[in-house]
Structures are given as C-alpha cells and as structure tokens.
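Okay, structure first, notes after.
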Amino acid sequence: MHIVSIVGARPNFVKIAPIARACCGMEGVRHTLIHTGQHYDRAMSDSFFDVLGIPEPDVNLNVGSGSHGVQTGKVMIAIEPVLQELQPDWVVTVGDVNSTAAAALVAVKLGLKTVHVEAGLRSFDRTMPEEINRLVTDAISDELFVTEQAALDNLKNEGVADEIVHFTGNVMIDSLVHALPKVEAAQAWKSFGLEKGSYVLVTLHRPSNVDQRESLEGLVHALSDISKRTPVLFPAHPRTKARLEEFGLLAMFTESGRVHLTAPQDYQSFLSLVTGARAMLTDSGGIQEETTYLGIPCITLRPNTERPSTINLGTNELVTPEYKPVMEAFGRIASGSWKEGTVPPLWDGKAAERIVRILGELDGQGR
Ligand code: UD1
C-alpha cells in the first residue's frame, strides 16, 4: 500500500509526524511525503522536521507565501504532476491550511482516494480561511478521520455517510505524547531566566487579531499590564512581528520590561514552555488541544472555536480579544479560580496507528 502525505504549514508537521512513523512501522506500507513549502523559514519549518523526526520530504514544491488565491493555486499547479506520477493508493491531508484544501482538490480530481485527518471540525465562521479549507476538504474526501464528538455531530448534520467517518483520536496529541519525556527534561523556561509556573505564554497570528492596529494595540496593552504581575513570554509568528513593528507597538513591551518577545520556537522547546506556564494566551487551533491535554489554563482570543471539547471537557475558554475581557480572564487564573479539565476520549497517543491500520483494512476491501 502506497500512502502519500501532504504537509505545508507548521501545524501540519506536528500532525503528520506520527502518521509517517506509523507507516514506517507497518509492514507493506510505503510512505511518500510532499512538502508544499507554504511555511519555509527555518523556525517555521525545518526545525519542526528535525525535532519531530519527520523524514526529509521526498518532494518540496517551494510555493512560499502569497494571497490565498495565489498560494492555493500555486500548490494545485505544482502538486498535480507529482500526484499523477506517483499514483498512490491513498493521499492523506491533515488540518485546515491552504495546502490541505489545494492538495485534496487536485487529488480527488485525479481520481485518487483521498483522506482528511482532523475532519468535521467547524467554527461556523466563514470569515476564517481555515473554515473554508475544512468545509472544502471534508466535502470532497473519500474517508474522514475525526478527533472529537463535535466533529462526528457536524458531519452527521451535514449528511455525510457514517461508513466514511472514523473516530480515531487526535494525531496532534500523538506527537505530544511521543515528545513528552524530552519536553519535560528540556525545561526551556530556564533559558529565558524564568521559573516553572511563574509566567504567561502567548502566541498570536490570526489576521483578525494582528492585522488591524486597533485590535493588536488592545491586546498589546493587556499583555503589557499582565506583565506587571506575571512575566510574559511571546514567541511571535513572522506576520505578528511585522505588524508590531509596522504599528509602532514594540515600545509598549520595552516600557514594561517584562514581556520577552522571541522568535518562533521549535516544537520541543515550545511544548516545554507550555508545560512550565502558569497560563496560555493564544489564537491558535492546536494549542487549545495541547493545553487541554496538559491541564494548563488556556485563554483563547477568538469569538469561536472549532474544537469545543477543549471547552466542554478541557481547560480552554473563549475570551473576546479586547483589553477588558482579557484582563478579567487573567484575573481569574491569577486568583486560582480557573476550571480543572479532563482529557477527551481517544486522545491517547495512538490515533495515527489506528488511521494507518484502517487505511490498510479499507485498501484490502478495495475501497
Ligand atoms: C497558516 C495557516 C493557519 C495556521 C498557521 C500556523 C492558512 C490559511 N493558515 O497561517 O491556519 O494556524 O499557518 O502558523 O493556511 N511567513 C514567513 N515565513 C514563513 C511563513 C510565513 O515569514 O515560513 C509570513 C509571510 O509574511 C506570510 C505570512 O507569514 O505572508 C503568512 O503566512 P501564511 O502561510 O500565508 O499563513 P499563516 O498566517 O502562517
């Protein structure tokens, strides 16, 4: 059985690592990895391959950045001849980035059997590019692998046939479970002169939070005030760094003196920083799941989430990304009144093995 996996952006790397490992460990499975090159900086891409132990991509399409149309179109143009040549038994896409939807569209039109891992998640917010990518990829894929109950419910409501939906758990948590021994030993907070449990960790990159001066300024103001009580560590996505500079907001951090603005971290260092944090402030998708698994309080700076189990079961809460609500939520964490969480079902480190095993069974049945 020949499986081709597609990766493009940072969260994809984390999700594909356990799938690549499971393919390696299964007899009769050949795995080919295609990197679209959507993320290309060392800190955003190569360092993840190193730390996660992902094999070198067999093909790199080097598409780089661009508007959504340009980026999606470039992936489609570049990947078509590669998939046509390879003719795999399965094309595996993960997550919700532009590379995911672009690859699925091409694979399906070539008549290749196409799989979406992390299917069925819905924020019901069509202004998010990721929501469009999720809807498109799910609508056209042949087999759907899901991480949580809400995704099963969403697919049912959309009329998707039960037999193509497989509840296998969460490959992002597979990576986390695999990395945990090294993550715990790393104590990455020490290199920033911080103590375990004494700082707030922040990531921000969503266009709705960082691309408008007013929105970003409110959040920077909140971080600056939080840092007067608790040091803030902020590994900034290149987009966010550029906006902070463009809007002249870096001075607010310098004045407070307790906001450590750093480059994006590699996977292991970042997770180590999560395990040592008093709390997480983020607008990411995957970090909501990682903090839930680790039991770290998470303030998600978004009006909605496609991952509701992190709220219903986990340690996550949605907070309006404005000064006042952020300060109020942080106050509840500082006073120790944040909720305790539990780990959602099947987030046990074995999702990728289940997925590859099911693909083998389906292949055997001629599906
Ligand atoms: C993408 C995903 C988002 C995911 C995020 C994780 C889409 C629609 N969005 O958003 O879901 O949460 O990745 O990081 O696919 N840039 C660099 N170096 C890089 C990559 C990007 O400098 O290696 C800069 C460029 O200026 C680029 C901008 O970041 O224009 C945005 O990159 P892009 O890949 O378009 O989207 P992300 O915001 O990273």
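Note: hydrogens, waters and symmetry copies are ignored here, and every other heavy atom, side chains too, is used. Start at 1 with the first residue, then count along the sequence. What you see is a predicted model, and the numbers here were worked out from it, not measured in a lab. We count ligands from 1, going down the list as the structure has it; atoms in each ligand are counted the same way.
The shortest contact between atom 37 (P) of ligand 1 and any protein heavy atom is with H237 NE2, 3.7 Å. When only non-hydrogen protein atoms are considered, atom 17 (C) of ligand 1 lies nearest to Y40 OH, 3.3 Å. Looking at atom 20 (C) of ligand 1, its nearest protein heavy atom turns out to be H39 CD2, 3.3 Å.
For ligand 1 and Q71, the ligand atoms under 4.0 Å from any heavy atom of the residue are 34 (O), 35 (O). Every atom of ligand 1 with a heavy atom of R10 under 4.0 Å away is listed here by number and element: 14 (O). Less than 4.0 angstrom separates some heavy atom of P238 from each of these atoms of ligand 1: 17 (C), 18 (N), 22 (O). For ligand 1 and H68, the ligand atoms under 4.0 Å from any heavy atom of the residue are 8 (C). Set against the non-hydrogen atoms of R239, the atoms of ligand 1 under 4.0 Å away are 31 (C), 38 (O). The ligand atoms of ligand 1 that sit less than 4.0 angstrom from a heavy atom of S65 are 21 (C), 25 (C), 27 (C), 30 (O).
Salt bridge absent: D89 and R30 never bring a charged side-chain N and a carboxylate O closer than 4.0 Å. With salt bridges taken as basic N to acidic carboxylate O contacts below 4.0 Å, none links E195 and K190. The pair E353-R357 fails the salt-bridge criterion, with no side-chain N (NZ, NE, NH1 or NH2) lying under 4.0 Å from an Asp/Glu carboxylate O. E245 has a carboxylate O that lies under 4.0 Å from a charged side-chain N of K241, or vice versa, which qualifies the two as a salt bridge. Ionic pairing of D283 and R302 is not present here: no N-O contact between side-chain nitrogen and carboxylate oxygen is shorter than 4.0 angstrom. The existence of a salt bridge linking D211 and R239 is confirmed by a sub-4.0 Å separation between a basic side-chain nitrogen and an acidic carboxylate oxygen. Here D50 pairs with R42 in a salt bridge; the nearest charged N to carboxylate O distance falls below 4.0 Å.
Taking the six-membered ring where the residue is Trp, H39 and H237 present perpendicular rings, their angle passing 60° and hence far from 30°.
In terms of polar-atom proximity, N98 is counted as a contact of ligand 1, with an N or O under 3.5 Å from an N or O of the ligand. Residue-to-ligand polar distances place D41 within reach of ligand 1: an N/O pair is separated by less than 3.5 Å.
Among D46, T203, T100, V97, the residue whose heavy atom lies nearest to atom 2 (C) of ligand 1 is V97. Between atom 10 (O) of ligand 1 and the options R42, H205, M44, the minimum heavy-atom separation is to H205. Within the set R206, E130, Q38, the minimum heavy-atom distance to atom 11 (O) of ligand 1 is found for E130.
Sequence neighbours left out, not one pair with a member in residues 179-202 passes ring pair (Phe, Tyr, Trp, His ring centres under 6.0 Å). Counting only residues at least two apart or on different chains, the side chain to side chain donor-acceptor pair (under 3.5 Å) pairs with a member in residues 106-121 are K15-E118, K113-D363, H116-D138, E118-R307.
Heavy atoms of P11 found under 4.0 angstrom from ligand 1 belong exclusively to the side chain.
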